[in-house]
**Student:** 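Submitted below is the structure of interest, expressed as structure tokens.
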Amino acid sequence: MVRGPAGGVARAYGRGMARPPFPARSRPLPRTPFSPSFWRSPLRGSWLTSVLGFVLLGGITVLFLTGLLSYAAYNPGLSPVNDKTPDKGLLGFYLFSWPTDPHWLYRLTQGVHVTLGITLIPVLLAKLWSVVPKLFTLPPARSLAHALERVSLLLLVGGALFEFVTGVLNVQLDYVFPGSFYPLHFYGAWVFFGAFLAHAALKTPAAVRNVRQLRAEHDELISPNPARPTVSRRGALGLVGGGSLLLLATTAGQSFDGPLRGTALLAPHGGAEPGTGPGGFQINKTAAYAGVHAAETSEEAWRLVLAGRTGTVRLSRSDLLRLPLYSSSLPIACVEGWSTSDQEWRGVRLRDLAALVGYDDPPDVLVESLQRHGAFRRAALRANQVADPRSLLALYVNGADLTPDHGHPARVIVPAAPGVLNTKWVARMTFGEL
Ligand code: HEM
Ligand SMILES: Nc1nc2c(c(=O)[nH]1)N[C@H]1C(S)=C(S)[C@@H](COP(=O)(O)O)O[C@H]1N2
Ligand SMILES: [Mo]
């Protein structure tokens with residue numbers, strides 16, 4: 001029978017037996033997480049923690065910045081349509097009018113945000129693993145300063161886990177816009193990043209010394225009771241890096257069309273397989289899912305209602321086809337991180353529609369779908385987006401009529417905007433006074 005040293009001792013001096021006084025050296029080691037000797041991995045140490053810290057320093061900074069951009073891209077200023085976040089207050093200080101150039105802007109920023117976030121998961125988990133003994137140190141607080149530091153660590157660790165979990169759930173399940181995910185992830189990001197900045201400021205000097213190994217400091221992360229190593233520190237880093245690369249390789253394909261998309265095993269697959277042909281690119285919500293029926297979209301039934309300064313105009317699809325038509329090459333780029341390459345859209349310029357109801361200088365617009373339920377049935381666009389000559393109410397894509405799933409009879413397409421602003425099955429556009 002194999003018995004560990006502690007088991008043997010426990011067995012030898014069981015209940016009811018007199019315990020001889022141990023000399024301090026050979027006293028059995030306490031086996032709770034609160035004791036440093038509980039943590040036996042010989043890999044733990046400041047070097048590993050610091051290397052992982054530097055990867056996170058760069059990665060999480062980019063994650064935070066692209067996240068802030070993603071928020072700005074929704075036109076949250078056009079509340080309450082696009083954004084139900086109550087009172088952004090100070091946190092909205094940086095908001096600006098999201099530009100329409102370059103036309104692939106959101107495709108890039110959100111592709112980086114989601115892909116990088118997923119790729120950093122193994123690094124985050126490894127970093128937490130590397131410092132886990134410290135989370136259990138007793139006493140919980142030695143002084144007021146120490147208590148404050150531990151509270152900030154709670155916000156750091158809790159914030160990190162919260163942001164990663166809500167982010168992944170949002171991508172993989174059904175994201176709720178502009179419902180609960182959105183303010184939670186936004187407010188959570190500020191809490192997490194505040195704690196992150198404080199932690200980075202406190203630890204970076206030591207982390208620099210640790211990776212250079214300039215001097216061997218007393219290293220509290222080194223186990224006082226190390227087990228035999230089964231992998232080297234560099235081997236462990238290789239494992240973490242390999243895990244990250246695997247996630248990267250199975251995610252990044254969602255930013256491309258063709259065979260590359262097939263490699264995106266971890267990407268959400270939307271409502272339907274897009275198939276081939278002119279409409280053969282990623283579909284988010286299908287017409288069936290949105291409850292949009294052919295009877296409502298036929299030439300006889302469907303009318304586009306434009307409302308503005310000079311009143312209301314109703315147009316059938318053939319009325320629209322008699323207006324000047326233009327083409328724009330633009331992608332769909334979803335908040336979930338996936339995007340398509342440029343598709344060839346053809347339709348009426350949004351600014352020409354604004355002119356039909358009295359605006360030579362295009363104002364903001366509220367776009368409403370004939371879809372009756374669901375979070376994406378309406379969205380607001382800013383004046384700069386309406387004014388861009390590439391912004392269309394598209395009637396065709398890639399040389400053919402829009403397919404039902406891509407928004408037939410008409411859908412909005414705007415350069416550089418998040419997909420959620422590209423309303424499908426448009427029924428009404430209200431210009432000005434949002
Ligand atoms: C998601 C981000 C991060 C999380 C959740 C995190 C978490 C932690 C925790 C809980 C500790 C133990 C604190 C203690 O009681 O001393 C720690 C220690 C440390 N962290 Fe981080 N950290 C993060 C990012 C960073 C960054 C960006 C750096 C700097 C480059 C860094 C460098 C360090 C260092 C040097 C230590 C001390 C290791 C030692 O005791 O020798 N961490 N981290
Ligand atoms: N009416 C309506 N429009 C909508 C949506 C929707 O669910 N309903 N989804 C939006 C989202 S989140 C995206 S990413 C794009 C996707 O367009 P696609 O399905 O043509 O690729 O449509 C947008 N327009
Ligand atoms: Mo989307």
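Just follow the structure's listing: the first ligand is 1, and inside any ligand the first atom is 1. The structure displayed is predicted, hence computed values, not measured ones.
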**Student:** Can you list the ligand 1 atoms lying under 4.0 Å from a non-hydrogen atom of Val157?
**Tutor:** 10 (C)
**Student:** Numbering the atoms of ligand 1 from 1, which are under 4.0 Å from a heavy atom of Leu57?
**Tutor:** 27 (C)
**Student:** Any cation-pi pair here, Arg382 with Phe96, using under 6.0 Å and within 45°?
**Tutor:** no
**Student:** Any salt bridge linking Glu220 with Lys134? Criterion: basic side-chain nitrogen under 4.0 Å from a carboxylate oxygen.
**Tutor:** yes
**Student:** Looking only at N/O atoms, are Thr49 and ligand 1 under 3.5 Å apart anywhere?
**Tutor:** no
**Student:** If you measure every N/O of Lys203 against every N/O of ligand 1, is any gap under 3.5 Å?
**Tutor:** yes
**Student:** Just to be sure I'm reading this right: ignoring hydrogens, which of Tyr289, Phe376, Trp338 gets closest to atom 5 (C) of ligand 2? Compare them by their nearest heavy atoms.
**Tutor:** Phe376
**Student:** Does the Lys NZ or Arg CZ of Arg349 fall within the cation-pi geometry relative to Tyr326 - under 6.0 Å from the ring centre and within 45° of the axis?
**Tutor:** yes
**Student:** What do you reckon, does Lys134 have a nitrogen or oxygen under 3.5 Å from a nitrogen or oxygen of ligand 1?
**Tutor:** yes
**Student:** Within the stated cut-off of 2.8 Å, is an N/O/S atom of Lys127 closer than that to atom 21 (Fe) of ligand 1?
**Tutor:** yes
**Student:** Please confirm whether His199 comes within less than 3.5 Å of ligand 1 when only nitrogen or oxygen atoms on both sides are compared.
**Tutor:** yes
**Student:** Can you check which of Gln282, Arg377, Arg411, Gln371 brings a heavy atom nearest to atom 17 (O) of ligand 2?
**Tutor:** Arg411
